[in-house]
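For reference, the structure discussed in these notes is given below.
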Amino acid sequence: MDIKRILHPADLVPYMEKLTAAKVIAVDTETTGLDPHTCQLRLIQLAAEDLPVLVIDCFSFLPEGRELINAILSTSGIKIFQNAKFDLQFLMALDIFPPTLFDTMLASQLLRGSGGPVQSNLKALAQHYLNEDLDKEEQTSNWQGELTESQILYAARDAEILLRLRKVMIPQILENHLTQIAGIEFRCVKAMAHLEYRGIYLDRQKWQELYEKTEAERKTALDELYTYVERPLMQMSLWGEDVAINQNFESQQFVLNVLHEHGIPVAATAKQDLYPYRRHPLVKTLLSYRKAAKSISAFLQPFTPLIHPVTGRLHPRYGQISAWSGRMSCWNPNIQQIPRDSEFRACFAAPPGRKLILADYSQIELRVAAQISGDTRMISAYQQGEDLHLLTASLVAHKPIAEITPQERQAAKAVNFGLIFGMGAPGLQQYAQQNYGVEMSLEQATEFRERFFKAYTGIHRWHQSIKAHLPKEGRTLAGRKFVYYEKAGLPGYYNTPVQGTAADIVKKALGLLIERLAGTDTYIVGIVHDEILLESPAEEAHTMAALLKSTMEEAANAILPKVPTKVDVLVSESWAEK
DNA sequence: TCAGTTCGCGCG
DNA sequence: AAAGCGCGCGAACTGA
């Protein structure tokens with residue numbers, strides 16, 4: 001491997017002509033740490049055909065050399081990265097944004113369903129695709145000071161290997177018909193880098209107030225719980241506060257005992273087990289204690305320390321292909337599980353002078369299921385702009401739509417969302433109660449189930465054909481492939497392609513969106529499965545809202561040719577929807 | 001003592 | 001035969 005160290009802009013000039021004309025360049029970076037807001041780029045490594053691997057020392061090369069880097073990375077040539085989401089954030093700090101990417105990590109994750117390795121770090125990829133052993137010594141390297149020969153060598157190798165990885169992966173992507181989904185993921189990763197880099201604003205003051213209020217609620221509930229148990233054993237804690245020992249309402253064993261002592265013969269302490277006894281004052285208090293305690297330990301307590309000292313914002317991390325279905329996941333903190341409660345969501349606000357734009361796909365999974373199953377009744381309902389929940393209510397109740405009560409429509413929601421994915425009658429009964437507050441007898445649930453499948457024959461046929469074949473693998477409508485594990489339940493067979501296709505749609509929208517947002521001061525600040533949050537200058541908010549809506553519709557229409565899409569969009573001061 | 005697992009629960 | 005699915009996270013619990 002031929003390596004050339006580049007210390008100053010002049011050293012790079014002789015290579016500029018070839019680099020800016022290159023169709024493919026592999027790019028890797030080494031940084032002084034993981035945080036793009038506090039750490040520095042140390043090396044940028046570039047590898048291309050017929051050139052030595054160029055190892056650019058940013059400490060001496062920047063800032064004067066920034067224009068040269070920008071000229072190389074901004075061409076339409078393909079730039080290969082391993083986990084582009086990481087490197088792109090450091091490049092964003094220099095206002096550099098490569099337009100066309102190939103990400104070996106994402107490619108490998110897509111190939112998991114076609115014999116690819118389970119792990120997708122560079123070592124695993126080299127081992128599997130090139131049969132090479134990488135000893136990653138530089139993991140613990142210090143990139144601050146003088147660099148050793150071996151650091152330079154490893155850095156160069158990490159870029160060079162990406163060129164060869166892509167060459168081996170491309171035929172596999174083609175053979176497995178993954179080109180469409182790979183294109184979607186590669187465009188989307190730019191949005192993911194942007195999203196993590198920009199973060200989301202949390203109103204620290206409001207959050208603190210909510211914390212204190214909820215803490216008071218928790219204490220009230222706890223005091224009341226103590227009236228149900230004999231002689232609390234009090235002990236002074238390290239912080240000088242009296243706490244009860246051996247009476248921990250966090251402990252399921254203890255709670256179960258207390259419940260039994262009070263004549264509540266439940267088998268477990270989960271909400272659904274307690275439901276029959278929900279009127280009992282002990283159960284009522286326990287549930288309100290749990291709600292407050294959960295809010296504090298999962299949200300109110302841990303979020304504040306995660307506010308970034310430099311940006312003043314939360315920077316949740318996203319896994320682009322993290323769920324098995326192809327959905328994203330989110331952590332540190334998980335922004336996708338904030339309570340819907342408007343008190344919580346109001347804290348996710350627009351900073352002064354700016355607005356939030358909230359957009360979500362309406363009933364995206366039902367629309368996807370309609371497209372995949374080809375159910376004509378469902379498709380035509382969507383084409384006519386009918387309310388599908390009302391239609392279902394009318395079909396299972398044998399009543400005209402005009403006579404459907406709000407209660408019946410609510411029950412039909414549970415019927416629609418549950419039965420599409422193979423829920424049984426007992427499951428439907430419980431699901432309706434828990435999620436929609438609808439009481440349904442087992443007989444009713446059974447009857448709804450039968451009538452539902454009589455009414456939606458396409459859904460029925462779709463389920464039947466899966467049941468008959470139990471396919472080894474499945475695909476989303478954009479071609480994402482997954483292999484079903486041994487003895488996957490039927491609901492898994494129904495659900496995964498639907499959930500995965502919804503993810504395909506959102507990712508396609510994000511890829512289009514990030515390109516259309518170039519040059520604006522509008523940020524993508526949150527993604528919650530079928531929902532996209534933007535933050536923009538107040539005066540541009542309505543323009544950006546229209547752009548967001550049309551982009552989301554365009555993405556969905558491309559993947560769901562038969563079923564129209566509905567995107568609800570709202571310009572707002574905060575995430576608390578009206 | 002501590003890593004790994006399970007329960008319970010927040011979201012779509 | 002019957003079965004919604006997918007996540008992350010905190011606290012308790014388990015096992016060596």
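Residue numbers start from 1 in every chain, and the chains themselves are labelled A, B, ... in the order their sequence lines are given, proteins ahead of strands.
Look at CZ on A/Arg218: it is 16 Å from P on C/dG10, rounded to the nearest Å. Put simply, NE2 on A/His463 is 16 Å from P on C/dA2, counting in whole angstrom units. With rounding to whole Å, A/Tyr484 atom OH is found 11 Å from C/dC5 atom C1'. If you measure from atom CG of A/Asp273 to atom P of B/dG8, you get 7 Å, rounded to the nearest angstrom. Rounded to a whole Å, the CG atom of A/Asn435 is 12 Å from the P atom of C/dG4. Spacing between atom CD1 of A/Ile459 and atom P of C/dG4 amounts to 17 Å, rounded to whole angstrom units. The distance from atom CD of A/Glu365 to atom C1' of C/dC5 is 8 Å, rounded to the nearest whole Å. Rounded to whole Å, the distance from CG on A/Leu470 to P on C/dA3 is 16 Å.
Across residues 412-426 of chain A, not one residue has a non-hydrogen atom less than 4.0 Å from an atom of DNA chain B. Within residues 315-341 of chain A, the residues approached by DNA chain B to less than 4.0 Å at the level of any non-hydrogen atom are A/Arg327, A/Gln336, A/Gln337, A/Ile338, A/Pro339, A/Arg340, in residue-number order. Near DNA chain B, meaning a heavy atom under 4.0 Å from it, residues 281-305 of chain A has A/Arg290, A/Lys294 in order of number.
Considering only residues two or more places apart in sequence or on other chains, A/Glu215 meets the salt bridge (Lys or Arg N to Asp or Glu O under 4.0 Å) condition with A/Arg218.
Checked by atom type, the side-chain pair A/Tyr289/A/Glu250 shows a donor-acceptor distance below 3.5 Å. Side-chain contact, A/Arg290 with A/Thr269: a donor N or O sits under 3.5 Å from an acceptor N or O. A side-chain donor-acceptor contact under 3.5 Å links A/His308 and A/Asp35.
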Exercise for the section: Decide salt bridge (charged side-chain N to carboxylate O under 4.0 Å, His left out) for A/Arg451 and A/Glu447; before the verdict, give the C-alpha distance in whole Å, the side-chain angles of both, and the deciding distance to 0.1 Å. Expected result: CA-CA 6 Å; A/Arg451 291 184 179 179; A/Glu447 185 157 354; 2.4 Å; yes
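You'll find the side chain of A/Glu531 reaches within 4.5 Å of the side chain of A/Trp575, heavy atoms only. A/Leu419 is listed as a side-chain neighbour of A/Arg449, based on a closest heavy-atom distance under 4.5 Å. Proximity of A/His260 to A/Leu256: side-chain heavy atoms (C-beta onward) are separated by under 4.5 Å at one or more points.
Within 4.0 Å of A/Tyr494, counting heavy atoms only, lies no atom of the nucleic acid at all. Residue contacts shown for A/Gln499 include a base, since a base heavy atom lies under 4.0 Å away.
Ring pair A/Tyr456/A/Phe452: centre-to-centre distance below 6.0 Å. In this structure, the ring of A/His529 has its center no less than 6.0 angstrom from the ring center of A/Tyr361. The six-membered or imidazole ring of A/Tyr431 lies near that of A/Tyr436, with a centre-to-centre distance under 6.0 Å.
In the set C/dA3, C/dG4, C/dT14, C/dT14 carries the atom at the smallest distance from any side-chain atom of A/Gln253.
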Exercise for the section: State the dot-bracket string of DNA chain C. Criteria: Watson-Crick or G-U wobble, both atom distances under 3.5 angstrom; notation: ( ) intrastrand, [ ] crossing earlier pairs, | interstrand, . unpaired. Expected result: ....||||||||||||
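Side chain of A/Arg278 to main chain of A/Tyr275: a donor-acceptor pair is present (N/O by atom type, distance under 3.5 Å, no hydrogens or angles). With hydrogens and angles disregarded, no donor-acceptor distance shorter than 3.5 Å links the side chain of A/Ser108 to the backbone of A/Met105.
Nearest heavy-atom pair across A/Ala455 and A/Leu395 is CB-CD1, 3.7 Å. Scanning both residues, A/Tyr523 and A/Arg313, for their nearest heavy atoms gives CD1-NH2, 4.1 Å.
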Protein-nucleotides 2-7 of chain B N/O pairs under 3.5 Å:
{"residue": "B/dC7", "atom": "O3'", "partner": "A/Gln252", "partner atom": "OE1", "Å": "3.2"}

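Taking the six-membered ring where tryptophan is involved, the planes of A/Phe348 and A/Phe303 are perpendicular, since the angle between them exceeds 60° and thus also 30°.
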